[in-house]
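What follows is a short report on a single structure.
What's counted below: heavy atoms across the whole structure, side chains too, no hydrogens, waters or symmetry copies. Lettering follows sequence order; numbering is per chain, from 1.
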Number of protein chains: 2
Amino acid sequence: MDKKEEILKTALKLFVEFGFHATPTSKIAKEAGIANGTLFHYYKTKDELILALYAHTKSRLTDYMYANASKDESLELVFKSIYTNTIEWAQENKSEFYFIQQFSTSPFYGLISPEEITKQAKPHLDFLQAGIKAAVLKPLPVDILYTLINSHIAGINQYLSSEEFSTAKQKKIINESFQLLWDMIT
Amino acid sequence: MDKKEEILKTALKLFVEFGFHATPTSKIAKEAGIANGTLFHYYKTKDELILALYAHTKSRLTDYMYANASKDESLELVFKSIYTNTIEWAQENKSEFYFIQQFSTSPFYGLISPEEITKQAKPHLDFLQAGIKAAVLKPLPVDILYTLINSHIAGINQYLSSEEFSTAKQKKIINESFQLLWDMIT
DNA sequence: ACATTTGTAGACTGATTAGTCAATCACTAT
DNA sequence: ATAGTGATTGACTAATCAGTCTACAAATGT
């Protein structure tokens with residue numbers, strides 16, 4: 001009966017369905033089964049709730065991305081694991097992934113400090129930098145690499161969400177698209 | 001003194017800066033220098049205004065994409081022209097491009113009929129299909145191809161917007177990133 | 001047992017919002 | 001001229017919203 005969690009869950013669902021503008025806090029509270037005032041007890045303002053939801057969701061994704069990434073394997077295998085994990089998470093948590101994108105291309109994104117953004121991207125950039133240094137990845141500016149990979153994943157995810165694929169077919173698409181990406185950056 | 005145009009221009013600016021939720025019609029009217037009622041004379045509802053703005057902006061982009069595309073040249077050159085045009089337009093019309101993305105990852109996008117979306121994508125898909133048939137592009141599902149290209153462009157654009165590059169440097173980035181994309185899909 | 005904090009409720013408020021409406025105004029065609 | 005049409009205005013309304021407040025309940029520490 002974690003109300004804080006319940007608020008986030010409900011807010012996510014409603015924001016994705018109706019957007020920030022058309023989701024009153026009263027509706028969130030009602031649908032979460034709590035009183036209006038309780039919501040504001042946990043989140044001082046609606047903006048704070050939105051920001052907390054983003055941070056929470058983003059961190060869930062990041063955690064999942066790096067799961068099972070044993071350091072023993074080759075850079076390609078580690079990279080592929082991150083790639084696969086990300087798309088799998090996005091497919092199994094479509095609302096969450098959609099919310100991240102919705103948030104990122106909204107003025108709310110501007111409320112996050114540049115330091116926070118840099119901090120978020122740091123581990124990914126370090127990983128790519130190591131790949132470049134090891135002469136596995138092309139010596140491109142690491143920011144381009146990062147952006148291209150992110151966009152690629154967003155694209156594949158959009159494609160996978162556009163139709164219903166069998167698990168096998170989905171795996172095949174992920175493998176093939178990974179190969180396209182890998183060939184592009186190595 | 002085209003008020004309809006003026007409303008769209010102002011709405012775009014405000015939506016990008018504050019978001020749909022935090023941009024009242026009254027503010028749009030005020031900043032456009034017209035009366036409240038005049039806005040509703042041209043657009044029956046706020047939603048209608050938002051949809052009209054999207055259609056208008058998207059069509060401006062599409063027009064620009066295919067500008068100067070002489071049929072005489074090789075598929076690669078035509079494709080590169082479209083690629084370059086798109087990024088150039090996005091860079092010269094940052095707010096407009098951002099708005100398109102903001103709209104596309106918002107619940108408003110759901111208000112557009114599937115037919116309309118299909119219709120929008122049709123020329124692009126046809127072009128790619130021709131490339132596959134001519135054995136220039138890889139025989140991938142055309143939807144994947146389309147999505148990957150779109151995402152790639154979105155990514156490069158994001159990168160170009162993240163810093164200030166000289167025109168020369170920008171051109172270099174566009175050329176190099178085009179090569180990455182081209183190699184990936186051929 | 002008691003005191004202090006923390007959680008929960010829901011009625012309430014002041015501000016804001018999308019959209020209306022009745023009244024002019026500008027323009028065109030006859 | 002005159003009638004008719006659409007453009008323009010801004011005050012107005014009914015509804016809605018984010019956030020407050022007071023009161024009570026549950027938990028926690030001493």
Could you tell me which residues satisfy side-chain hydrogen bond (donor to acceptor under 3.5 Å, both in side chains) with [X], sequence neighbours excluded, listed by chain and number?
X: A:Glu31; answer: A:Lys13
X: B:Gln91; answer: B:Asn157, B:Ser161
X: A:Glu88; answer: none

Separation of [X] atom [atom1] from [N] atom [atom2], in whole Å?
X: A:Lys4; N: C:dT8; atom1: NZ; atom2: C1'; value: 15 Å
X: A:Ile7; N: C:dG7; atom1: CD1; atom2: P; value: 11 Å
X: B:Glu6; N: D:dA7; atom1: CD; atom2: P; value: 17 Å
X: B:Asn36; N: C:dT16; atom1: CG; atom2: P; value: 15 Å
X: B:Leu39; N: D:dG10; atom1: CG; atom2: C1'; value: 14 Å
X: B:Phe40; N: D:dT9; atom1: CZ; atom2: P; value: 14 Å
X: B:Tyr42; N: D:dA7; atom1: OH; atom2: C1'; value: 6 Å
X: A:Lys3; N: C:dG7; atom1: NZ; atom2: P; value: 11 Å

Among residues 28-35 of chain A, which contact DNA chain C at a heavy-atom distance under 4.0 Å?
A:Ile34, A:Ala35

Would you confirm whether A:Thr10, through its side chain, and A:Glu6, through its main-chain N or O, come within 3.5 Å as a donor-acceptor pair?
yes

Set of residues satisfying ring-ring contact (aromatic ring centres under 6.0 Å, His included) with respect to A:His124, sequence neighbours excluded:
A:Tyr66, A:Tyr146

Just to verify, what does A:Phe165 make a ring-ring contact (aromatic ring centres under 6.0 Å, His included) with, not counting sequence neighbours?
A:Tyr159

Strand-adjacent residues in residues 11-21 of chain A, judged by heavy atoms under 4.0 Å from DNA chain D
none

Identify, residue by residue, the members of residues 44-55 of chain A with a heavy atom below 4.0 Å from DNA chain D, and return them in order of residue number, or none.
A:Thr45, A:Lys46

Indicate whether the side chain of B:Thr25 and that of B:Tyr43 have a donor and an acceptor atom separated by less than 3.5 Å.
no

Donor + acceptor pair across side chains of B:Ser177, B:Tyr83 (<3.5 Å):
yes

Let me spell it out: for each of A:Gly37 and A:Ala22, pick the nucleotide of DNA chain D with the closest heavy atom. Which residue's pick is nearer the 5' end?
A:Ala22

Is it true that, when you exclude B:Glu164 itself, more than 12 heavy atoms of the residues, nucleotides or ligands shown sit nearer than 6.0 Å to its CD?
no

Set of salt bridge (charged side-chain N to carboxylate O under 4.0 Å, His left out) partners for B:Glu73, sequence neighbours left out
none

Return each pair, listed once, that meets salt bridge (Lys or Arg N to Asp or Glu O under 4.0 Å) where at least one residue sits in residues 143-162 of chain B; pairs must be two or more places apart or across chains.
none

Those residues that, when tested against A:Asp126, pass side-chain contact (heavy atoms from CB on, under 4.5 Å) (two or more places apart)
A:Lys122

What is the ring orientation for B:Phe99 with B:Phe15, classed by angle as parallel under 30°, tilted 30 to 60°, or perpendicular over 60°?
parallel

Looking at B:Phe108 versus B:Tyr54, is the centre-to-centre ring distance below 6.0 Å?
no

Reading DNA chain D 5' to 3', what string of ( ), [ ], | and . shows its pairs, if Watson-Crick and G-U wobble pairs count only when both distances fall under 3.5 Å?
||||||||||||||||||||||||||||||

The side chain of B:Pro24 lies closest to which of these nucleotides: D:dT9, C:dT17, D:dG19?
C:dT17

Side-chain N or O of B:Thr38 versus OP1/OP2 of D:dA7: is the shortest distance under 4.0 Å?
no

N/O (side chain, A:His41) to phosphate O (OP1/OP2, C:dG7) under 4.0 Å
yes

